[in-house]
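For reference, the structure is listed below as structure tokens.
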Protein chains: 2
Amino acid sequence: MSSLLKLIKKELSRFSDTERKIGEFILSNPELVPSMTTKELAKSAEVSEASVTRFCRSIGINSFRLFKMQLMKDVTVANGDLTTFTSLEKKDSVYDLFRKVTYANQGAIVSSLASLDRVQLENAVEALIKAKKVIFYGVGGSVTAAYDGGYKFARIGYQTTSSPDFHYNITVIPHLQKDDVFIGISLSGKTKNVIELATFAKEQGATVIAITKMNRSPLYKLADITLCVPSMEEDFRIGTITSRMVQLNIIDTLYLSVFHMLGDEVLTAFKKAQNETMRLRK
Amino acid sequence: MSSLLKLIKKELSRFSDTERKIGEFILSNPELVPSMTTKELAKSAEVSEASVTRFCRSIGINSFRLFKMQLMKDVTVANGDLTTFTSLEKKDSVYDLFRKVTYANQGAIVSSLASLDRVQLENAVEALIKAKKVIFYGVGGSVTAAYDGGYKFARIGYQTTSSPDFHYNITVIPHLQKDDVFIGISLSGKTKNVIELATFAKEQGATVIAITKMNRSPLYKLADITLCVPSMEEDFRIGTITSRMVQLNIIDTLYLSVFHMLGDEVLTAFKKAQNETMRLRK
DNA sequence: TTATTTTATGAAATTTAATTTCATAAAATA
DNA sequence: TATTTTATGAAATTAAATTTCATAAAATAA
């Protein structure tokens with residue numbers, strides 16, 4: 001079964017009556033939905049059109065159109081043999097696991113196409129262009145993405161910090177200026193430390209960007225700009241793995257966009273660093 | 001190449017100027033089109049919206065919406081051969097860049113299916129199972145992967161280090177025992193610091209695992225076990241980005257495999273940590 | 001060559017689809 | 001029991017795709 005259908009099935013219990021009607025219709029007619037309109041689906045599931053639109057948001061996908069795309073992709077891939085992904089089995093060989101992880105990571109990255117909002121992304125890039133200092137903050141599994149962001153943006157001339165140390169960050173945040181940026185990374189959006197520092201950064205006048213799931217979490221509400229990652233937990237072990245990939249994919253995009261926009265000035269410095277690396281290698 | 005793209009290519013000569021503009025844009029950006037509107041595509045190909053609609057008819061598909069569906073299906077399935085690689089253009093919008101990065105990352109991950117050797121992978125997992133201490137070491141862009149590895153393996157009870165500090169590592173390596181593991185991460189396999197520490201670790205009797213490109217680099221030759229990442233650098237900016245994803249995908253696999261094999265004993269500790277995280281969140 | 005018809009195209013109008021707003025009723029909380 | 005929050009559908013709005021219509025260029029006929 002496709003990852004999207006699995007997700008719906010899992011969330012079914014959390015849904016309201018209306019949402020459940022929609023979810024159940026989709027689960028029993030997955031191949032029909034990609035070519036339906038909101039109106040048709042609304043009629044079939046006996047709900048309003050508005051509820052269909054809302055349903056998509058509720059499972060972390062930005063629009064009905066993207067939802068259909070995602071669903072179709074899932075259905076297509078599952079049929080095409082690639083590696084019909086079922087969660088981990090006792091008897092899996094190491095190589096089986098490799099294929100499953102690869103497949104899951106790939107799927108997660110692709111599905112971020114559906115969760116990330118275009119306007120929010122544009123706003124984030126704009127905010128970063130204006131900033132001098134950027135703080136990346138995440139804890140636990142999100143430290144990797146924070147670290148990666150800090151490294152990348154330092155390379156193109158930003159003052160960055162990306163320490164997971166809460167208290168260190170408290171000493172740094174007061175130095176943020178009006179146009180500077182705080183990027184809080186938390187899958188759930190409920191991580192206390194992240195929320196506290198984000199709030200603190202906002203008080204200093206910095207722009208707060210959140211990289212988190214699309215739910216009504218505190219971090220989500222608090223942030224000026226929200227970059228949403230898809231919520232997809234296949235196997236609980238794989239779940240935590242794939243979310244990191246998606247965070248990194250977003251960081252990559254921010255970096256590349258800023259790089260792209262800053263253009264030549266950065267490029268010179270970049271090339272200089274590259275040459276020096278080459279030289280040291282000899 | 002997908003059947004739809006093939007068709008367009010074949011018909012190209014028959015097309016009018018306007019149709020050719022559209023066809024050419026689609027051929028050079030197949031991964032972008034499925035999420036574009038007629039307006040966007042019209043603008044990109046420098047034609048009118050009406051012409052986009054007509055183009056679809058002209059190649060025998062009844063509506064633009066169906067055309068996109070078809071194309072997406074094709075692109076998804078055809079993913080095996082990602083030889084036609086995206087490069088960045090001056091006029092790319094932020095969202096274009098996002099789509100390209102996503103596509104590139106996804107492609108890189110999938111292509112690691114081809115570069116990673118099954119036996120080497122099995123050997124690596126076996127070595128890790130036997131180890132108590134694991135050192136992850138990479139510099140520059142590879143620090144992210146090293147850090148991630150350190151974090152993951154610590155979670156399942158290993159003694160790990162993953163500092164990019166060369167001298168710190170020199171003080172740690174002498175404590176490695178016979179079955180311990182040193183994982184050196186370097187895309188080129190030529191990074192001096194990594195080679196030196198790997199050599200040092202090997203002298204202590206540790207097993208050296210390299211995550212690197214498949215070339216005859218010093219690191220490649222020196223390592224006991226080599227986990228190869230595909231070498232694919234189209235655009236030099238995207239190149240450095242995607243390589244990190246592949247490294248992480250391999251780390252993920254190692255982690256998951258070891259987790260899988262260690263089984264229940266680790267699981268208990270894992271759950272304990274998970275519960276505590278939940279509790280602290282409140 | 002010149003007049004007439006056909007074809008290709010973009011601008012504007014129309015139709016269709018999706019989303020948002022707003023009012024209301026139900027549920028949760030104080 | 002009063003107040004706030006949440007969930008929902010109807011209606012309004014916005015966005016996307018298609019069709020119509022006018023025009024200019026090419027093809028054909030006189």
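In this text, all values refer to a predicted model and were calculated from it rather than measured experimentally. The sequence lines fix the lettering, A, B, ..., with proteins before strands; numbering per chain opens at 1.
Residue-to-nucleotide proximity on DNA chain C shows that, of D17(B) and R65(B), the 5′-proximal contact is made by D17(B).
Ring pair F15(A)/F55(A) is perpendicular by interplanar angle, where above 60° counts as perpendicular and below 30° as parallel. Below 30°, between 30° and 60°, or above 60°: for Y255(A) and F153(A) the angle between ring planes is above 60°, a perpendicular geometry. Ring geometry for F64(A) against F67(A) counts as parallel: the plane angle stays under 30°, on a 0 to 90° scale with 60° as the upper cut.
For the residue pair T102(B)/N249(A), the side-chain donor-acceptor check at 3.5 Å is satisfied. In this model, no donor atom of one side chain and acceptor atom of the other lie less than 3.5 Å apart for S51(A) and E19(A).
Contact annotation: side chain of R54(A) to base of dT21(C), donor-acceptor pair present below 3.5 Å. Below the 3.5 angstrom threshold, one finds no donor paired with an acceptor across the side chain of R57(A) and the base of dT20(C).
What separates NZ of K221(A) from C1' of dT5(D) is a distance of 11 Å, to the nearest Å. The distance between atom CG of D117(A) and atom P of dT19(C), rounded to the nearest whole Å, is 11 Å. Rounded to an integer number of Å, the gap from CD of E19(A) to P of dT8(D) is 6 Å. If you take NZ of K39(B) and P of dT14(D), they are 13 Å apart, rounded to a whole angstrom. Distance CD1 (I61(B)) to C1' (dT18(D)): 16 Å, rounded to an integer number of Å. The CG atom of L66(B) sits 12 Å away from the P atom of dA17(D) (whole-angstrom rounding). F67(B) has its CZ atom 18 Å from the P atom of dA16(D), to the nearest Å. Taking atom CZ of residue R14(A) and atom P of nucleotide dA7(D), one finds them 10 Å apart after rounding to whole Å.
Under the side chain to side chain contact (heavy atoms under 4.5 Å, CB included) criterion, S162(A) pairs with F136(A), Y147(A), sequence neighbours left out.
Distances shown here put every side-chain N or O of T53(B) at or beyond 4.0 Å from the OP1 or OP2 atom of dA17(D). OP1 or OP2 of dT8(D) lies within a sub-4.0 Å distance of a side-chain N or O belonging to S16(A). Residue T18(B) has a polar side-chain atom (N or O) positioned under 4.0 Å from OP1 or OP2 of dT9(C). OP1 and OP2 of dA17(D) both lie 4.0 Å or more from every side-chain N or O belonging to S63(B).
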- Item | Dot-bracket line, read 5' to 3' along DNA chain D, where crossing pairs take [ ] and | marks a partner on another strand, Watson-Crick or G-U under 3.5 Å | ||||||||||||||||||||||||||||||
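K68(B) comes within 4.0 angstrom of the backbone, heavy atoms only, and of no base. Counting non-hydrogen atoms under 4.0 angstrom, V47(B) reaches the backbone sugars and phosphates but no base.
Counting only heavy atoms from C-beta on, E49(A) has its side chain closest to dT19(C) among dT8(D), dA17(C), dT19(C). Closest to the side chain of S51(A), out of dG9(D), dG10(C), dA17(D), is dG9(D). For T38(A), counting side-chain heavy atoms from C-beta on, the closest listed nucleotide (dA18(C), dT18(D), dG9(D)) is dA18(C).
When every heavy atom of P30(B) is checked against every heavy atom of S28(B), the shortest pair comes out as CD-C, 3.4 Å.
Other residues, nucleotides and ligands place no more than 12 heavy atoms under 6.0 Å from the OH atom of Y168(A).
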